[in-house]
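Data block below; observations after.
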Amino acid sequence: MKVLVAVKRVVDYNVKVRPKSDMTDVDLANVKMSINPFCEIAVEEAVRLKEKGVATEIIAVSVGPQQSQEQLRTALALGADRAILINTDETLEPLAIAKCLKAVCESESPDIILMGKQAIDGDNNQTGQMLGAMTGYGQATFASELTIDGGNATVIREVDGGLQTLALPLPAIVTADLRLNEPRYASLPNIMKAKKKQLDTTTPGDLGVDIANRVTLLGVELPAERAAGIKVEDISQLVDKLKNEAKVIS
Amino acid sequence: MSTLVIAEHDNSSMNVATLNSVAAAQAIGGDIDILVVGTDCQAAAEQAAQVAGIGKVMVADNAAYAHSLAENVAPMVAEAAAGYSHIMATATTTAKNIMPRVAALLDVQSISDISGVVSEDTFKRPIYAGNLIATVQSSDAIKVLTVRGTAFDAAPAEGGSASIEVVASAHDSAKSSFIGEEVAVSDRPELTAADIVISGGRGMGNGENFDMLYSLADKLGAAVGASRAAVDAGFVPNDMQVGQTGKIVAPDLYVAVGISGAIQHLAGMKDSKVIVAINKDEEAPIFSVADYGLVADLFVALPELDAAV
Ligand SMILES: Cc1cc2nc3c(=O)[nH]c(=O)nc-3n(C[C@H](O)[C@H](O)[C@H](O)COP(=O)(O)OP(=O)(O)OC[C@H]3O[C@@H](n4cnc5c(N)ncnc54)[C@H](O)[C@@H]3O)c2cc1C
Ligand SMILES: Nc1ncnc2c1ncn2[C@@H]1O[C@H](COP(=O)(O)O)[C@@H](O)[C@H]1O
């Protein structure tokens, strides 16, 4: 079984981002970049499928600038077999990214596509669902458990009301939530080995994908600051403040 | 200009979250219709028809639409979208699952989690865990939007008497099937609709200790939430997670107990009106957003608080 894993290069989750001084966009100069945490979980799940003997080959794919090779190498160090970079310096939207991924699905014919539920830069939570529409495959988003049995996937999903279980014929798209697994750390020997693994580069143009953006970013602003609060001495002062100052309890 | 709001419902009743989208649609202006897709969902459709200011309610009632499977519902919505300038739904997990699939079927770029309407084609939305607010303009003919519920006050649930129109369309893709669900049952208010939310973090130590929060919540009529760390540790179920990748809440009062205040947690609660933090570490970042901070051991403070309210 062939697994395709989509990974995105994003700002590291520990970074508190700032706007550019002209407020046109986020300032990513000299900011630490990493593999999107949800994509890392997707890679880990692929590797576990391979360790269980369910998957035979894992292909990591990323759409982005040349530097995205770093995140593909991370995926290779975690256990992906080879990687594909769809190189562009444009900032693409989920619709265009899904179109690029669809082209890869056509050439690679994976049995399952593992993705993150959300990229923590744009917080869009769209690409997997869009790829589902374009390929016609079933989708199981926000997965916290994945089981493959022959030609079927059974997925437990985290939903607002609790947990939902779906069954899907393969090929299908699964997007990872936080509790799907806890990704391993890449070992030094595996990081070294990853440098020699195959990494092919193509472009949206080569894939024949129209990447024109439909949405324009007009600018960014900082969210409203909260007024500074106070420290209370004890519970009785707290309850007094909540009752008589904030008037939020009676 | 006309907006189609996709109702969030459980067939027997419409979820109030739908009313936040109606409010966002009103901010855009123009006619507003509601689409109810479900199975035996007449009761939900009748509730939708009572929402003030609605032109008509369309109802697609078919066995294939049980459990809101995206592969079946998305083509139905995409079909119904013809003739509308905006399609929107409140950003619940159901809508997040379906709306991007609708957008791709229509070949448009959806806009997630709008928190403000600037004009009919320009919207505000949080990015980077709410650390920045982006203003974005769509050039698509049909705008597919999800709406951040906490950013729009619910429109009135009653006062209207819209006509109900039956849409006889069925899409049964067989691309996924429902096996089962584990639904949390609670007498407490829903997390995203509660006036008061009390959340516990890793500092709670274990699941049993959450009983202290439940007891307090029941006295205050509050909902109980949690940080990711508390969910990951198995103290409480996933549907209680508040944050960037969990539920977004903005109650009148949010009480964070034993929660450090990571940006991913703040993303889900920092628009609350009044924030209280109880933490034994006076350096905890949660204090930077708290109106009232109490540096204390929660195992001492919570019983005192319980006795005082
Ligand atoms: C991609 C991604 C998405 C994420 N999404 C979310 C999300 O949606 N929601 C979320 O919450 N997190 C999310 N996180 C996790 C987040 O980064 C933090 O790890 C998490 O919020 C920490 O939870 P916590 O504050 O309960 O635990 P900790 O950071 O461990 O804090 C525990 C706090 O309890 C205090 N404490 C301990 N004992 C006591 C006591 N006896 N009395 C009083 N105080 C005490 C400590 O001083 C400490 O401040 C996400 C992370 C990533 C990478
Ligand atoms: N540029 C990209 N390259 C590869 N995969 C991506 C890219 N953008 C998004 N994805 C995938 O889609 C998921 C959801 O992203 P988003 O829809 O942007 O929140 C990510 O976790 C990735 O798996």
Side-chain angles (χ1 to χ4, degrees), chain A residues 11 13 16-17 19 26 93-95 98 118 120-126 129-130 132-134 136-142 144 154 158-169 178-179 214-223 226 229-232 235-236 238-239 241-242 246 248-249, chain B residues 70-71 74 92-93 96-97 100-101 103-105 108-113 122 126-140 175-184 220 228 232 237-239 244-245 252-253 263 270 274 276 289-295 301 304-305 308-309:
Chain A
V11 62
Y13 78 94
K16 188 167 195 293
V17 297
V26 59
E93 295 166 350
L95 186 73
Q118 173 173 343
I120 59 162
D121 48 4
D123 284 330
N124 282 309
N125 194 335
Q126 295 178 352
Q129 297 88 315
M130 289 186 152
M134 292 171 189
Y137 298 162
Q139 68 184 51
T141 51
F142 327 145
S144 67
T154 305
E158 294 199 357
V159 294
D160 285 342
L163 297 170
Q164 183 192 57
T165 307
L166 296 181
L168 303 93
L178 292 169
R179 280 164 286 276
R214 313 297 185 79
V215 172
T216 314
L217 177 65
L218 299 182
V220 298
E221 62 199 279
L222 289 165
R226 289 191 73 91
I230 59 157
K231 290 260 169 63
V232 293
I235 286 290
S236 66
L238 175 63
V239 172
K241 292 279 183 196
L242 293 179
V248 284
I249 61 173
Chain B
E71 302 82 355
T92 60
T93 47
K96 289 180 195 169
N97 188 42
R101 194 161 176 128
L105 289 174
V108 305
Q109 174 56 53
S110 42
I111 301 178
S112 299
D113 235 359
T122 305
I127 54 174
Y128 292 92
N131 282 309
L132 292 175
I133 309 296
T135 303
V136 294
Q137 182 173 33
S138 167
S139 63
D140 283 313
K175 289 292 162 67
S176 71
S177 52
F178 174 82
I179 301 294
E181 63 192 347
E182 247 176 74
V183 180
L220 296 172
R228 173 193 174 182
D232 282 4
N238 63 281
D239 51 86
Q244 178 188 17
T245 57
D252 292 339
L253 172 61
I263 47 176
K270 72 176 157 61
V274 175
V276 170
V289 299
D291 300 282
Y292 304 111
L294 177 64
V295 180
E304 277 179 34
L305 182 55
V309 296

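In what follows, chains are A, B, ... by sequence order, proteins preceding strands, each numbered from 1. Remember, predicted model here, so these are calculated numbers, not experimental data.
Contact count against chain B (heavy-atom pairs under 4.5 Å) is highest for A/Arg226 among A/Lys241, A/Lys231, A/Arg226, A/Gln118. For the options A/Thr141, A/Ile230, A/Val248, heavy-atom pairs under 4.5 Å to chain B are most numerous at A/Ile230. Among B/Ala74, B/Gly293, B/Ala134, B/Ala104, the residue making the largest number of heavy-atom pairs under 4.5 Å with chain A is B/Gly293. Residue with the most contacts toward chain B among A/Ser236, A/Gly138, A/Pro19: A/Gly138 (heavy-atom pairs, distance under 4.5 Å). When each of B/Asp113, B/Val108, B/Asp252 is checked for heavy-atom pairs under 4.5 Å with chain A, B/Val108 comes out on top. Ranked by non-hydrogen atom pairs under 4.5 Å with chain A, the options B/Leu253, B/Ile111, B/Leu132 are led by B/Leu132. Most heavy-atom pairs under 4.5 Å with chain B, from the set A/Asn125, A/Val26, A/Leu222: that is A/Val26. No other option in B/Ala129, B/Ala103, B/Gly180, B/Gly130 has as many heavy-atom pairs under 4.5 Å with chain A as B/Gly180. Contact count versus chain B (heavy atoms, under 4.5 Å) is highest, among A/Gly136, A/Ala140, A/Ser144, for A/Gly136. Most heavy-atom pairs under 4.5 Å with chain A, from the set B/Thr245, B/Thr122, B/Ile263: that is B/Thr245. Listed options A/Ile120, A/Val215, A/Leu168 were ranked by heavy-atom pairs under 4.5 angstrom with chain B; first place goes to A/Val215. Ranked by heavy-atom pairs shorter than 4.5 Å toward chain A, the options B/Val295, B/Asn238, B/Val183 are led by B/Asn238.
Of the N and O atoms on the side chains of A/Asp123 and B/Gln244, at least one donor lies less than 3.5 Å from an acceptor on the other residue. Side-chain contact annotation: B/Ser138 with B/Gln109, donor-acceptor N/O pair under 3.5 Å absent.
A/Glu93 has its side chain out of reach of A/Asn124: every pair of non-hydrogen atoms, C-beta onward, lies at least 4.5 Å apart.
The backbone N or O of A/Leu95 sits nowhere less than 3.5 Å from a side-chain atom of A/Gln126 that would complete a donor-acceptor pair. A donor-acceptor pair under 3.5 Å is absent between the side-chain atoms of B/Thr135 and the main chain of A/Leu218, judged by distance alone. A side-chain donor-acceptor contact under 3.5 Å links B/Ser139 to the backbone of A/Arg214. Distance alone, capped at 3.5 Å, places no donor-acceptor pair between the A/Glu158 side chain and the A/Leu163 backbone.
Interface residue B/Ala290: only backbone heavy atoms are found under 4.5 Å from chain A. Both the backbone and the side chain of B/Leu294 come within contact range of chain A, with heavy atoms under 4.5 Å apart. For B/Gln137, the parts lying near chain A are the backbone and the side chain together; criterion is any non-hydrogen pair under 4.5 Å. Of the atoms belonging to A/Val239, it is side-chain heavy atoms, and not backbone ones, that fall under 4.5 Å from chain B. With a threshold of 4.5 angstrom between heavy atoms, A/Ile249 approaches chain B through side-chain atoms but not through N, CA, C or O. Proximity to chain B (any heavy atom under 4.5 Å) is shown, for A/Tyr13, by both the backbone and the side chain. For B/Val274, the parts sitting under 4.5 Å from any heavy atom of chain A are the backbone and the side chain alike. Contacts between A/Ala98 and chain B at a heavy-atom distance below 4.5 Å are absent for every atom of the residue. Only the side chain of B/Leu220 has a heavy atom closer than 4.5 Å to any heavy atom of chain A. For A/Leu238, the part lying under 4.5 angstrom from a heavy atom of chain B is the side chain only.
Considering all non-hydrogen atoms of both residues, B/Asn97 and B/Ala70 come closest at ND2-CB, 3.6 Å. Pairing each heavy atom of B/Asn131 with each of A/Val17, the nearest pair is CB-CG2, 3.9 Å. A/Met130 approaches B/Ser110 most closely through the heavy-atom pair CE-OG, 3.5 Å.
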Residues A/Thr165, A/Thr154; criterion side chain to side chain contact (heavy atoms under 4.5 Å, CB included); working and verdict
CA-CA 7 Å; A/Thr165 307; A/Thr154 305; 3.7 Å; yes
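Here CD of A/Gln164 is found 6.5 Å from CD of B/Glu181. Values are rounded to the nearest 0.5 Å.
Within a 6.0 Å sphere centred on CD of A/Glu221, heavy atoms belonging to other residues, nucleotides or ligands number more than 12.
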